[in-house]
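Below is one structure, written out as structure tokens; the observations come after it.
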Amino acid sequence: MDATFATGKELQKMDPVFGQLSFDDHEQIVFCNDKDTGLKAIIGIHNSVMGPALGGTRMWNYNTEWEALNDVLRLSRGMTYKSAITGLNIGGGKAVIIGDAKTQKTPELMRKFGEFVHSLSGRYITAEDVGMETKDMDTVRDVTPYVTGISEERGGSGNPSPVTAYGVYLGMKAAAKSQFGSDVLDGKKVLVQGIGHVGEALVEYLTKEGAIVTIADINEEKLYEVAQKYNATIYTGEDLYSADVDIYAPCAMGATINDNTVNKIKAKVIAGAANNQLADENVHGARLQERGILYAPDFLINAGGIINVYAELANYGKAEIMTKTENIYNTTLEIIDYAVKNGITTHKAALTIAQNRIDLRKIENAAKK
């Protein structure tokens, strides 16, 4: 092996995709490159048993291509289970674009990305995620019909963030009911980490109910703006994971619950919008359970966004979007109950129920052939 070219733990011992720890029998990984626009993207299709793979596009300034690959593998897998647990007839997929969304995203880049999406002939349908706006989805729509989350002016469902936040808020209330005996959040101390589109909307819901909200974000300008708007407190301590709060709501990037943080957390409930909050879902899920911390599975309670954009495919309106999102409350209680009865973590309980639905559909699909 030529050491000049071997990188990334010797290219995972020369298994750069299938050898990734995050690889979970994904059906298809597509690497997209365009010299003229500077586009470098990865599309991951995890599972299409329930239907075409639907999931947003994230633009992030990853340190390495390995980080980007790992992220799209984890995110696309999460979308499979998110849609299945929510009862939607779609599969799981995701896309990441490597780059700074503030300085490198252009209409030309987005159109070129749309062309790559179109080349998959509907196996993957994209939507909005971190670093993306509704207008970007409109640009993608110029070159392909395989996109959701387009503006209401163009017949779409618009920005999914408020609906995502509403589902997280309801999932948090359900977890609070189970952990504290009441779903009333008035007076509860909640730390919201990440105040982007979803995080800010969650802060608004919490503030209106009377929760005592503390916020944290890497964007100082946004911090002060949101703090002033909702009378929230900005976290100024050295280690937010050990903050004295009742509820921790991770709403930024994933894997914030890891070896370094899992034993520091003082909150008794974790319920947030971020995807893949557990760095190792088995190890860290079990540790939270041992410590008596109730974890509301991220892919369950943050499903409001996918419910919102799925409406464009299933042709249902705002009323049904909200009804389906409100059901996250009941499903969260059911998952917690299932976990207790079976002596497993809430994350494992949600995965099991989602996988059972996928397995049943697989059998039904085979019978039709």
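Contact annotation: the side chain of Met50 never approaches that of Thr80 to less than 4.5 Å [non-hydrogen atoms, C-beta and beyond]. Residues Asn89 and Arg361 have side chains in contact (heavy-atom distance under 4.5 Å, counting atoms from C-beta outward). Taking the side chain as every heavy atom from C-beta outward, Cys32 and Ile42 never approach each other to under 4.5 Å. Side chains of Tyr166 and Leu202 form no contact here, defined as non-hydrogen atoms less than 4.5 Å apart. Looking at heavy atoms from C-beta onward, Asp217 lies out of side-chain contact with Ile234 at the 4.5 angstrom threshold. Considering only heavy atoms from C-beta on, Ser151 stays 4.5 Å or farther from Lys135 through its side chain. Taking 4.5 Å as the limit, every side-chain heavy atom of Leu288 sits out of range of all side-chain heavy atoms of Thr345. A heavy-atom distance below 4.5 Å is not found between the side chains of Ile150 and Thr134.
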**OP:** May I have the step-by-step check of side chain to side chain contact (heavy atoms under 4.5 Å, CB included) for Lys102 and Met59, ending in yes or no?
**Re:** CA-CA 10 Å; Lys102 292 180 180 178; Met59 188 166 185; over 6 Å; no

Subject >> CA sep, side-chain torsions, deciding dist, call: Arg123, Ile45, side chain to side chain contact (heavy atoms under 4.5 Å, CB included) >> reply: CA-CA 8 Å; Arg123 272 183 54 75; Ile45 298 174; 3.7 Å; yes

Original post:
Ile218 and Leu223: side chain to side chain contact (heavy atoms under 4.5 Å, CB included), yes or no, with the steps?
Top reply: CA-CA 8 Å; Ile218 57 175; Leu223 264 179; over 6 Å; no

Subject >> side chain to side chain contact (heavy atoms under 4.5 Å, CB included) between Glu326 and Leu170, worked out >> reply: CA-CA 7 Å; Glu326 284 164 3; Leu170 293 174; 3.9 Å; yes

**OP:** Quick one: do Lys266 and Asp239 satisfy salt bridge (charged side-chain N to carboxylate O under 4.0 Å, His left out)? Show the steps, please.
**Re:** CA-CA 11 Å; Lys266 292 182 180 177; Asp239 186 359; over 6 Å; no

**OP:** Using the salt bridge (charged side-chain N to carboxylate O under 4.0 Å, His left out) rule, take Asp129 and Lys94 through it: C-alpha gap first, then chi angles, then the decisive distance, then the call.
**Re:** CA-CA 9 Å; Asp129 198 351; Lys94 205 80 174 184; 2.9 Å; yes

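Under a 3.5 Å cut-off, the side chain of Asn342 and the backbone N or O of Tyr338 do form a donor-acceptor pair. The backbone N or O of Gly196 sits nowhere less than 3.5 Å from a side-chain atom of Glu200 that would complete a donor-acceptor pair. The backbone N or O of Leu73 lies less than 3.5 Å from a partner atom in the side chain of His26, making a donor-acceptor pair. Remark: side-chain polar atoms of Arg287 are not paired, donor with acceptor, to backbone N or O of Asn263 under 3.5 angstrom. The backbone N or O of Asp138 sits less than 3.5 Å from a side-chain atom of Arg154, completing a donor-acceptor pair. Of the possible polar contacts, none joining the Thr144 side chain to the Arg141 backbone as a donor-acceptor pair under 3.5 Å is found. Between the Gln179 side chain and the Lys268 main chain, a donor and an acceptor come within less than 3.5 Å of each other. Looking at Asn308, its side chain never comes within 3.5 Å of a backbone N or O of Gly304 through a donor-acceptor pair. With Gln277 contributing its side chain and Gly272 its backbone, the two residues share a donor-acceptor pair below 3.5 Å. Without hydrogens or angle criteria, Thr261 side chain to Asn258 main chain gives a donor-acceptor distance under 3.5 Å.
No donor-acceptor contact under 3.5 angstrom links the side chains of Arg77 and Asn47, judged on distance only. Side-chain atoms of Gln193 and Tyr235 include no donor-acceptor pair closer than 3.5 Å. A donor-acceptor contact under 3.5 angstrom links the side chains of Thr256 and Tyr248, judged on distance only. Using modelled atom types and a 3.5 Å distance limit, the side chains of Glu27 and Ser48 yield a donor-acceptor pair. Between the side chains of Glu334 and Asn330, not a single donor N or O lies within less than 3.5 Å of an accepting N or O. Checked by atom type, the side-chain pair Asp34/Thr37 shows a donor-acceptor distance below 3.5 Å. Ser157 and Glu312 share a side-chain donor-acceptor pair at under 3.5 Å. A donor-acceptor pair shorter than 3.5 Å can be found between the side chains of Asn275 and Asn302. Judged by distance alone, the side chains of Thr214 and Thr233 never bring a donor and an acceptor atom under 3.5 Å apart.
Annotation: Lys348, atom NZ; neighbour count of heavy atoms from other residues, nucleotides and ligands within 6.0 Å does not exceed 12. Within a 6.0 Å radius of NZ in Lys318, more than 12 heavy atoms belonging to other residues, nucleotides or ligands are found. Around atom OH of Tyr224, no more than 12 heavy atoms belonging to other residues, nucleotides or ligands sit under 6.0 Å away. Counting non-hydrogen atoms of neighbouring residues, nucleotides and ligands closer than 6.0 angstrom, the CD atom of Glu364 exceeds 12 such neighbours. Within a 6.0 Å radius of CD in Glu209, other residues, nucleotides and ligands contribute more than 12 heavy atoms.
In the hydrophobic clustering of ILVMFWY residues, with side-chain heavy atoms under 4.5 Å counting as a link, Met322 and Ile301 come out together. Residues Met110 and Trp60 fall into different hydrophobic clusters, defined by Ile, Leu, Val, Met, Phe, Trp and Tyr side chains chained together at heavy-atom separations under 4.5 Å. Under the 4.5 Å side-chain heavy-atom criterion for grouping Ile, Leu, Val, Met, Phe, Trp and Tyr, Leu39 is not connected to Leu69 through any hydrophobic cluster. Follow the hydrophobic side-chain contacts under 4.5 Å out from Val168 and you never reach Ile257; the two are in separate clusters. By the criterion of side-chain heavy atoms lying less than 4.5 angstrom apart, applied directly or through intervening Ile, Leu, Val, Met, Phe, Trp or Tyr residues, Ile247 is grouped together with Tyr230 in one hydrophobic cluster.
Smallest separation of non-hydrogen atoms from Glu128 and Glu133: OE1-C, 3.6 Å. Closest approach of Ile85 to Ala350, counting heavy atoms only: CD1-O, 3.5 Å. Closest approach of Ala127 and Thr148 over heavy atoms only: CB-OG1, 3.4 Å. Shown here for Ala95 and Ile43, the closest heavy-atom pair between the two residues is CB-CG1, 4.0 Å. Taking every heavy atom of both residues into account, Lys222 and Ile195 meet most closely at CE-O, 3.2 Å. Heavy-atom minimum distance, Gly194 versus Ala252: CA-CB, 4.0 Å.
Salt-bridge formation is not detected for the pair Asp100/Lys105: no Lys NZ or Arg NE/NH1/NH2 atom is positioned less than 4.0 Å from an Asp or Glu carboxylate oxygen. In summary, Lys229 and Glu204 do not engage in a salt bridge, as defined by a charged side-chain N under 4.0 Å from a carboxylate O. For Asp183 and Lys177, the salt-bridge test fails: no basic side-chain N is under 4.0 Å from an acidic carboxylate O. Salt bridge status for Lys112 with Glu108: absent, with no side-chain N to carboxylate O gap under 4.0 Å. Salt bridge absent: Lys208 and Asp186 never bring a charged side-chain N and a carboxylate O closer than 4.0 Å.
For Tyr146 and Tyr124, the ring centers sit 6.0 Å or farther from each other. The aromatic ring centroids of Tyr295 and His284 lie 6.0 Å or more from each other.
Tyr316 carries Lys324 over the face of its six-membered ring, with the cationic atom under 6.0 Å from the centre and within 45° of the normal. With Phe180 as the aromatic partner, Lys188 meets the cation-pi criteria of under 6.0 angstrom to the ring centre and within 45 degrees of the ring axis.
In this pair, His347 and Phe299 present their aromatic rings perpendicular. The plane angle is above 60°, beyond the 30 to 60° band.
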